[in-house]
2 protein chains.
Amino acid sequence: MTTSVPPPGFPRNATDRTILALEAFLPYRLTRLTDAISRKFSQAYRARLGLTRPEWRTLATLGQFGTMTATDIGAHSSMHKTKVSRAVASLEERRWLLREPDAQDRRVERLTLSRVGQKAYEDMVPVAHGFETRLLARMEPEERAALLTGLEALERAALED
Amino acid sequence: MTTSVPPPGFPRNATDRTILALEAFLPYRLTRLTDAISRKFSQAYRARLGLTRPEWRTLATLGQFGTMTATDIGAHSSMHKTKVSRAVASLEERRWLLREPDAQDRRVERLTLSRVGQKAYEDMVPVAHGFETRLLARMEPEERAALLTGLEALERAALED
DNA sequence: TCGCCATGGTTACGGTTGCAACCAATTCGT
DNA sequence: ACGAATTGGTTGCAACCGTAACCATGGCGA
């Protein structure tokens with residue numbers, strides 16, 4: 001019997017390098033936090049109950065930039081092209097989005113929100129801003145500043161190479 | 001034509017409240033960051049190529065606490081019971097985990113890592129610690145401190161009600 | 001100009017997920 | 001002490017996802 005499990009009654013403590021404290025492990029904390037926040041946001045934005053996350057992101061990206069190609073949407077919203085493709089198809093079916101062929105390059109489609117899609121976007125934006133504002137309002141000013149500093153640094157550290 | 005889309009050439013700027021800057025929207029930033037970090041970690045921990053995230057969490061939780069029930073695992077690792085159920089079944093099939101009936105309550109199963117599972121846990125822990133350490137090492141000390149402060153505050157704000 | 005690689009986008013497939021329904025064992029109210 | 005509500009856990013189903021293969025078009029070198 002050579003395993004290093006502590007015998008019963010021998011507490012495993014947090015600084016023990018043979019144990020991982022899951023609740024303090026950064027990837028886990030981030031996942032948990034992100035899931036909670038996304039879930040709350042999808043509650044705040046009721047329409048999202050019928051809108052998948054890729055669809056929401058596509059709506060948000062087209063609303064932000066106007067006319068784009070599917071590839072552009074993927075690049076800006078960090079989605080794989082298959083996700084974008086399916087989201088575009090579904091938004092088109094909902095009649096929130098229009099495709100038109102590109103005159104220069106016939107592989108490309110120029111995507112634009114329809115009037116109804118634009119309206120949906122305009123309704124969504126204040127909900128999103130309000131959600132974010134209310135969330136941050138629960139923190140102290142110094143905490144908000146710390147969060148932004150820390151997040152920026154972590155983004156740099158995580159996304160750099 | 002009453003929609004408020006700016007005409008072409010009229011730039012949409014970031015402080016325009018009718019536009020959402022996706023790349024600055026907290027839920028989006030968190031999702032993107034979390035995805036990137038999780039993906040990197042799953043590369044660092046190669047075995048995870050054959051281990052789903054629920055399975056990894058189950059392994060981590062049992063390694064951290066010893067013997068638990070499926071419900072306990074779900075509570076500690078923020079997983080729905082169906083995820084836990086499937087993860088437990090799969091780890092059992094891998095022979096990393098043992099189930100034994102509970103004498104007091106016959107609905108319950110007491111779950112423990114097998115010797116092989118314990119070994120896998122022990123191999124995984126330093127990889128996880130190393131991953132986290134290297135990630136944080138790319139940040140300045142003040143940035144690390146800011147991140148921890150900000151994360152804690154955001155967790156409080158997001159998980160409180 | 002012809003052949004080849006790159007690019008934009010869609011689709012087929014297998015695996016993962018969430019939800020609700022379910023079974024069995026336990027607890028609670030009366 | 002008994003039926004109803006609760007709890008631990010599993011399963012069926014439909015939706016979703018990632019990967020790879022695919023089709024059509026375009027760009028480029030010889």
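To find a chain, count down the sequence lines: A is the first, B the second, and so on, and within it residues start at 1.
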Pick out which of A:Leu151, A:Leu26, A:Leu154 makes a side chain to side chain contact (heavy atoms under 4.5 Å, CB included) with B:Leu151. A:Leu26
What residues, two or more places apart in sequence or in another chain, satisfy side-chain contact (heavy atoms from CB on, under 4.5 Å) together with A:Ser38?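 Here the qualifying residues are A:Thr34, A:Arg53, B:Thr31.
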Which residues share a salt bridge (charged side-chain N to carboxylate O under 4.0 Å, His left out) with B:Glu142, sequence neighbours left out: none
Counted 5' to 3', the first and last nucleotides of DNA chain C within 4.0 Å (strictly under) of a heavy-atom of chain B are C:dT16 to C:dT26
How many angstroms lie between atom OG of B:Ser78 and atom CZ of A:Arg29, to the nearest 0.5 angstrom? 12.5 Å
Could you name each residue pair satisfying salt bridge (charged side-chain N to carboxylate O under 4.0 Å, His left out) that touches residues 72-83 of chain B, not counting sequence neighbours? none
Taking a hydrophobic cluster as the set of Ile, Leu, Val, Met, Phe, Trp and Tyr residues connected by side-chain heavy atoms closer than 4.5 Å, whether directly or through intermediates, do B:Val108 and B:Val88 fall within one such cluster? no
Got a sec, which residues hit side chain to side chain donor-acceptor pair (under 3.5 Å) with A:Asp105, two or more places apart in sequence or on another chain?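 Partners of A:Asp105 by the side chain to side chain donor-acceptor pair (under 3.5 Å) criterion, ordered by chain and then number, come out as A:Arg107.
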Are any protein N/O atoms closer than 3.5 Å to N/O atoms in nucleotides 4-10 of chain D? If there are, list each pair with its distance.
{"unit_1": "D:dT7", "atom_1": "O2", "unit_2": "B:Arg107", "atom_2": "NH1", "d": "2.8"}
{"unit_1": "D:dG9", "atom_1": "OP1", "unit_2": "B:Glu109", "atom_2": "N", "d": "3.1"}
{"unit_1": "D:dG9", "atom_1": "OP2", "unit_2": "B:Ala70", "atom_2": "N", "d": "3.4"}
{"unit_1": "D:dG9", "atom_1": "OP2", "unit_2": "B:Thr71", "atom_2": "N", "d": "2.7"}
{"unit_1": "D:dG9", "atom_1": "OP2", "unit_2": "B:Thr71", "atom_2": "OG1", "d": "2.5"}
{"unit_1": "D:dG9", "atom_1": "N7", "unit_2": "B:Lys81", "atom_2": "NZ", "d": "2.7"}
{"unit_1": "D:dG9", "atom_1": "O6", "unit_2": "B:Lys81", "atom_2": "NZ", "d": "2.7"}
{"unit_1": "D:dT10", "atom_1": "OP1", "unit_2": "B:Arg99", "atom_2": "NH2", "d": "2.3"}
{"unit_1": "D:dT10", "atom_1": "OP2", "unit_2": "B:Ser85", "atom_2": "OG", "d": "2.8"}
{"unit_1": "D:dT10", "atom_1": "O5'", "unit_2": "B:Ser85", "atom_2": "OG", "d": "3.4"}

Could you give the CG-to-C1' distance, from B:Asp35 to D:dC17, as a whole number of Å? 12 Å
Can you measure B:Arg53 atom CZ to D:dC17 atom C1' for me and round it to whole angstrom units? 13 Å
Would you say the ring centroid of A:Tyr28 lies under 6.0 angstrom from that of B:Phe41?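 Centroid distance A:Tyr28-B:Phe41: not below 6.0 Å, so no.
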So what does A:Glu55 hit on the nucleic acid, given a heavy-atom distance under 4.0 Å: a base, only sugar-phosphate, or nothing?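 A:Glu55: no heavy atom of the nucleic acid under 4.0 Å.
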